[in-house]
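Below is one structure, written out as structure tokens, with a few remarks after it.
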Amino acid sequence: MARLMMMLSPPRSFSSLVSTMIGQHPQIYGFPELHLMVRDTLGAVMSWERRREKWLGPPGMLRTMAELMYGGQTPQNVLHAANWLEDRLHWKSEDVMNVIMDKAEEAAGTPFCLEKTPTLSFLPDALERVRSAWPDALYVHVTRHPVDLKKSMDEFINNNPRLNDEEKQARLDHSMTAWPVTQRNILDFCATLSPGQFLRIRGEDVLADAQGTMRQVADWAGLRTDDAAIAAMLRPEESPYACLGPPGAAFGNDPKFIFSPKFRPGKPRMGSLAVFLEEGEGRALSPDRKAYLTQLANCLGYE
Amino acid sequence: MMHDVQVSRIGLIGTVLSAAFLEESGQCLAVRQNEDSGLTEIFEPGAAGSDTVFWDGAVTTEPRLSVLSDNRLLCLFPGEALVVILPGPTLNCREIIKFGARGCPMLIAETEGGLLALYDGADGPRLFNATLEGNLSNADEIALPNLAWDSCVSALFEVAGNLILCADNLRTGFEAWIRTPDGIWSQSGQTGANRFAMNAAVTAATRIGPSVWIGAGAGWRARANLMGMPTRADLFKLEGTGHLTLIAGEQRVGQGELITPLVGLDTAFKSMVGEITQIVSMETAVLVALHRPDDLTSLYTVSSELEIAETTLVDGKVLNMHFNGETLRVAFRYSDRFPLLEES
């Protein structure tokens, strides 16, 4: 079976772009967001998805199954995939994941499968579940400047047509919480891994020097680092999941990425945490909280 | 390696702040504040009938002990006081001196010709050549490198005529610099060797032959803000040429190429959450003390073939180590987990 590579990141951290880029390496099969490991059993996963109005199941999962098990991402194949899942609600999530990874290896012959589900970073239990199921998994931790992440998160909330104004405001009030909670979960988890079992990369560094960063990721995983392999990683738009999927499973990745999947190099201007904490929305935070956020950001290379 | 070595443990109770070993005798001297009198005591732990030097100083800074090549012990309370201990058959010689016109330095380091003394100034730190007996107003000033505004010099060494300087930075990670005899500084490490504030501080540094071995990590100042977050330590070797090599630690993205520890990844050092507090040379190996979150210390040997082995566990934080070719002496402060133990 292929070896698992898991991307860990908070939402809105360039994770769709970076995971798709890494997944385009010729020796990696890159999945969209499978959402499988957030719960212990497939039944619990499906209940969770349905509460989020994903009636057929996780869109990324359905697209992947349609692609790998039924010959392509068509509306009919998405229904086949949904039925397959429905018949196995009692299965453990890891067993379903193993089936998908086997199919990926069969179809693409790659020694690695890459999965990213940002929700996992909120759930320490889910991270433990992944570790327990695949003790030799590799983890890529992708970070983004907290102030820029909050901006992106606020934009995402404001543009969400499913939320009313009250719901939007409630989420906006807490949009800075996701960053420290998820980063802390990831950092605590990584501290328990072997030093070579994870690699931390700043999303901004990928944008500024994609070729150099992707080459190091490939090197770290023990994969090909030749120019052709690295060039493939710079073409995320060629992933079968870097486009709108069929009805019932349209996304499975960040919508912004789905509509604009090409990699556009450039050195992003980073925000200032100090300004955010002293003059911006963070000024109401307690001094201890400010010190914690600052130090956490500093540990990840942000100010 | 370690199985041929006799290990002598000197357990100290919780009030002890620092300890050092004199080179010639291997005698251990420790510093603590006397809880009743408030006096600073410098004493030889476990030695029956030994003298204790009481020094009536109201210091608030943690003492830094340095053993000079003439076997004198310097006890520096940064920015506050410098105490010189002249050991003899009994610990009854002491000298408390004023150190130059500028008062007391923040950091001192021995050189071939004397000392380096780093002072805090209104416009930032200033570095001088000095001698213990000399008047600093006549001393040569050495220009410092272009440190970040909030960096704090934490280690100074002279190696084969070059100066090596390490500075902690809570915001961006530690810096390392090297100055050649022609006075040119060049940077050997920045942004905590690409681990940012995870490597905010140089927590241990020891000159071994033509290199300085460095233990780096978040440091207590950063950890105080991080609310218990576990952080790993890194072990580096900084060559006299200025080349900084990661000996053991986390793999990471570097400037242009992946940084992989020289010892590899699947070693005894792989679960090194904690802080390196001491590094000492054992001729054919380097011994590293890693103070763990459970307040115990693991001792690791790094052989000249770069093989790492965990050798022993110490019941507290290691304050100093000394190897005389046969015996390894380890001075440590008992963990709070062992409240009933007495100095031994």
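To find a chain, count down the sequence lines: A is the first, B the second, and so on, and within it residues start at 1.
When heavy atoms are compared at a cutoff of 4.5 Å, A/L199 approaches chain B solely by way of its side chain, counted from C-beta outward. Residue contact with chain B, scored on non-hydrogen atoms closer than 4.5 Å, is absent for A/L293. Contacts of B/T191 with chain A are absent, with no heavy-atom separation under 4.5 Å from either backbone or side chain. Residue B/R195 touches chain A through its backbone alone, counting heavy-atom pairs closer than 4.5 Å. Looking at B/R232, the atoms closer than 4.5 Å to chain A (heavy atoms on both sides) all sit in the side chain, from C-beta outward. Of the atoms belonging to B/V253, heavy atoms from both backbone and side chain fall under 4.5 Å from chain A.
For A/K256, the NZ atom is loosely surrounded, since the number of other residues' heavy atoms within 6.0 Å does not exceed 12. Enclosure of atom CZ in A/R224 by more than 12 non-hydrogen atoms of other residues, nucleotides or ligands within 6.0 angstrom is indicated. Atom CD of A/Q211 is surrounded by 12 or fewer heavy atoms from other residues, nucleotides or ligands within 6.0 Å. At most 12 heavy atoms of other shown residues, nucleotides or ligands fall within 6.0 angstrom of atom CZ in A/R269. A/D136 CG: more than 12 foreign heavy atoms inside a 6.0 Å radius.
From A/W220, atom CH2 reaches atom CG of B/L265 across 11.0 Å, with rounding to the nearest 0.5 Å. Between A/F198 atom CZ and B/Q251 atom CD the span is 9.5 Å, to the nearest 0.5 Å. Distance check, rounded to the nearest 0.5 Å: CZ of A/R202 to CZ of B/F196 gives 4.0 Å. The CD atom of A/Q183 sits 9.5 Å away from the CE atom of B/M229 when rounded to the nearest 0.5 Å. Taken to the nearest 0.5 Å, the CG atom of B/L170 stands 6.5 Å off from the CG atom of A/N298. A distance of 10.5 Å separates CG of B/L258 from OG1 of A/T225, quoted to the nearest 0.5 Å.
No side-chain donor-acceptor contact under 3.5 Å links A/Q295 to the backbone of B/N225. Judged by distance alone, the side chain of B/E257 and the main-chain N or O of A/Q216 form no donor-acceptor pair under 3.5 Å. The closest donor-acceptor contact from the side chain of A/R184 to the backbone of B/L226 lies under 3.5 Å.
Counting heavy-atom pairs closer than 4.5 Å to chain A, the top-ranked of the candidates B/Q255, B/R252, B/E250 is B/E250. Note on A/I201, A/D205, A/D188: by heavy-atom pairs under 4.5 Å with chain B, the leading option is A/D188. The residue among B/G264, B/G192, B/G254 with the most heavy atom pairs within less than 4.5 Å of chain A is B/G254.
Nearest heavy atom pair, residue A/C299 against residue B/M198, reads O-CG, 3.6 Å. For A/P195 against B/G249, the heavy-atom pair with the smallest separation is CB-O, 3.3 Å.
A 4.5 Å side-chain heavy-atom check between A/E303 and B/R171 finds at least one atom pair inside the cut-off.
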